[in-house]
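Here's the structure we're looking at; comments come further down.
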There are 2 protein chains.
Amino acid sequence: MRMTISDIAKLANVSKSAVSIVLNNKSGVSEKTRSKVLAIIEKYNYNPSQIAQSLAIRETKSIGLIIKEIDNPYFAKLMRGVYDECSNLGYSVLLGSSELSTEKETEIIKTLVSKRVDGVIISPLQSEESDFTYLHNLLNDNYPVVVLGIITNYSTNVVDIDHIKAAYDAVTYLINHGHKRIAHFAGPVHSGHGQRRLEGYKQALIDNSLQIDKNYIVPVEPYTPNGYEAGKELFSKNIELPTAVFCYNDLVAIGLINALTELGIDVPNSVSVMGFDNIDFGKYVKIPLTTIQMPAYEIGKTAANLLIKQINNSSSPLVEKVILEHKIIERNSVSQNS
Amino acid sequence: MRMTISDIAKLANVSKSAVSIVLNNKSGVSEKTRSKVLAIIEKYNYNPSQIAQSLAIRETKSIGLIIKEIDNPYFAKLMRGVYDECSNLGYSVLLGSSELSTEKETEIIKTLVSKRVDGVIISPLQSEESDFTYLHNLLNDNYPVVVLGIITNYSTNVVDIDHIKAAYDAVTYLINHGHKRIAHFAGPVHSGHGQRRLEGYKQALIDNSLQIDKNYIVPVEPYTPNGYEAGKELFSKNIELPTAVFCYNDLVAIGLINALTELGIDVPNSVSVMGFDNIDFGKYVKIPLTTIQMPAYEIGKTAANLLIKQINNSSSPLVEKVILEHKIIERNSVSQNS
DNA sequence: CAAAATTACTAAACCGATTTAGTAAATCCA
DNA sequence: TGGATTTACTAAATCGGTTTAGTAATTTTG
């Protein structure tokens, strides 16, 4: 069986307390005993149980990360950000993926809490079913949480960009390129980001005295095939067609471009397409994407940093809201409208 | 403070044992007490500590997953496979990313073991520095492990494809398309997969009586920019140029295609390019990629399933090697050579 | 040099669960 | 009816660490 602290203590002819002291590099033993114990530890390759430790010190040095989808370039980057930061600061990350199910989301949190993670970072679902009871409970328990998005009525730590402003900027960019009929392939209902981006889209139109046309707002699941389908459908309609489309994300934009190309519609000269996220692949796609950069890696990194700061500072539970900068990445999918 | 089993016991006027029995749905208490206890648990939203549980039952219901890079479409898919399966079977996953550093790899394993995961899935680095001591130790401790690749001299569970055969098939496919001068943008040294694919490449040439030309074998880090650089360099050389390139992975292939396009070389008509992995994006790229499909999701899923099977069956530590099928995905980056 | 302070060490309690062994009461059965 | 089982329950030990309180020995200090 695996070595325990008692085994080591016996072998070194000291008490468990002494071994614990050298393990934690505290003072209270002579150099002589310290090295004696260290030698035994080395010799038997003793690796203390973090489980037992955690039970005693009530800390697991693990955090929970709940995203919506693991294989999604945006979340992958974000994950890497939190992983890197956690790694640097000595924390492990327990992975959770809600896969757009509110029940799963709640269940994951329950599991993470039962595993006593020291805190959680969550990219929350925000549909009608979301009652955020779990958040309420976490906050009630004074649990360190950072939310990757804004949930109205809850005072939590936040790391995000200003989606409204970002969408506003994207649409303004299109308007500045002479576009007047601008459609929006909007995010799904369960997405808080989607709602905010839609808001920014509308505001930009209003501020430029452009009509908001319901036909031009089409909600789309945030994947390439859905962008493709929606593109095929919209651009086959017998209505006055848009000259530009602002997409919920790059994945959708790529699907849309594919659809347009198949329909023989030139991108960007007949229709301009704007994405969102700036995933790595946007560069390499048929028509390199003009898009808004979401600093996914930084969001992850910042969130982890903030969370761990809160963990180590649980006395002062002040709430921080970090809004990171977005920017427009100009490539080839948008052109001047004549 | 958070409720403990003792608190619940006191509140329900029973012993801790009784509470434990109802928590674990065992027999030994009357229906009356069971529902009494259940009511208290419900009322106080009691969530038992898996940490304490784990210490007692010596099981954490967590596994460790060690990959090389989190944001890498191949690993992201794979991760999702292991996550899904673990989720279904009631296990959590602790994430580890070695980022191509042997030291990090070893350190991660140490952390995972100290957290007492029930088993680990690893996509191992295989450079000269790798001495696999950690693997040796894990195996010695009779620790359930599944390796995503083949490490010679170690008898471990394996889930992988036959890389030699896959590369052989890819190159044969190029040969069948009339290509005789076929280059290989080979994987990095730290990659076992890379070594095997190179082997398959060579074998295919040999079996078809084609020369192996050292100039045609260029080792490349497995990212798009590296494929691009290597492409620029090779195709600017004053040598007899290849008519086809078999790339270590899709990322490299995409970079290469970009380089070729920039050099004014037509893909696939002047130079054919073959990738490896079949990442989702291969479809949407300028020249849709012809490639070999790595069943990343299935590899992950299978690995998790196998690992958990071994965990629950630790008595019979028989070793399983699962080799999954690959296949050629034909798109537009390869054409007949005239 | 004696009292005070420090150092080196340990026994025992504790963290929050499970499990074993044991007891009293209820039920079975012949 | 009365001994054997079964049922319902609990006290105490245990998992593998940390921490507190205490003791004996050594060092400091005025």
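Given the structure is predicted, the values throughout are model-derived calculations rather than measurements. Letters go in sequence order (proteins before strands), and every chain restarts at 1. We use all heavy atoms of the structure for the numbers below, so side chains are in, but hydrogens, waters and symmetry mates are not.
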Check: A/P48 and A/I5 side chains under 4.5 Å, non-hydrogen atoms | no

Would you mind listing every side-chain hydrogen bond (donor to acceptor under 3.5 Å, both in side chains) that reaches into residues 297-308 of chain B, with sequence neighbours excluded?
-> B/D84-B/Y297, B/E85-B/N305

Quick one: side chain to side chain donor-acceptor pair (under 3.5 Å) partners of B/S130, sequence neighbours excluded?
-> B/S127

Return the residues of residues 107-115 of chain A meeting this criterion: a heavy atom under 4.0 Å from some atom of DNA chain D. Order them by number, or give none.
-> none

Return all side-chain donor-acceptor pairs below 3.5 angstrom for residues 147-158 of chain B, not counting sequence neighbours, or 'none' if the list is empty.
residue : atom : partner : partner atom : Å
B/N157  : OD1  : B/Q310  : NE2          : 3.2
B/N157  : OD1  : B/E320  : N            : 2.8
B/N157  : ND2  : B/V145  : O            : 3.0

Can you give one letter per nucleotide of nucleotides 12-19 of chain C, 5' to 3': B if a protein heavy atom sits under 4.0 Å from the base, S if only from the sugar-phosphate, - if neither?
-> B--BBBBB

May I have all residue pairs that pass salt bridge (Lys or Arg N to Asp or Glu O under 4.0 Å) and include part of residues 103-132 of chain B, sequence neighbours excluded?
-> B/E99-B/K104

Has B/K10 got more than 12 heavy atoms of other residues, nucleotides or ligands less than 6.0 Å from its NZ?
-> no

Which pairs with one or both residues in residues 70-79 of chain B pass salt bridge (Lys or Arg N to Asp or Glu O under 4.0 Å), sequence neighbours excluded?
-> A/D71-B/K77, A/K77-B/D71, A/R80-B/D71, B/K77-B/D280

Apply side chain to side chain donor-acceptor pair (under 3.5 Å) to B/S101 and list each qualifying residue two or more places apart in sequence or on a separate chain.
-> none

Residue pairs fulfilling salt bridge (Lys or Arg N to Asp or Glu O under 4.0 Å) with at least one residue in residues 135-159 of chain A, sequence neighbours excluded | A/D141-B/R2

First contact, last contact: which nucleotides of DNA chain D are these for chain A, 5' to 3', heavy-atom distance under 4.0 Å?
-> D/dG16 to D/dT19

B/S114-B/T111 side chain donor-acceptor pair, cut-off 3.5 Å | no

Between B/L65 and the options B/V117, B/V120, B/I121, B/L112, the side chain to side chain contact (heavy atoms under 4.5 Å, CB included) test singles out B/I121

The bend of the helix from C/dC1-D/dG30 to C/dA30-D/dT1, taken between the axes of its five terminal pairs at each end and rounded to 10°, is 30°

With sugar-phosphate meaning primed atoms plus P, OP1 and OP2, does A/T33 contact a base, only sugar-phosphate, or nothing at under 4.0 Å between heavy atoms?
-> sugar-phosphate

Salt bridge (Lys or Arg N to Asp or Glu O under 4.0 Å) partners of residues 16-43 of chain A, not counting sequence neighbours, each pair once | A/E31-A/R34

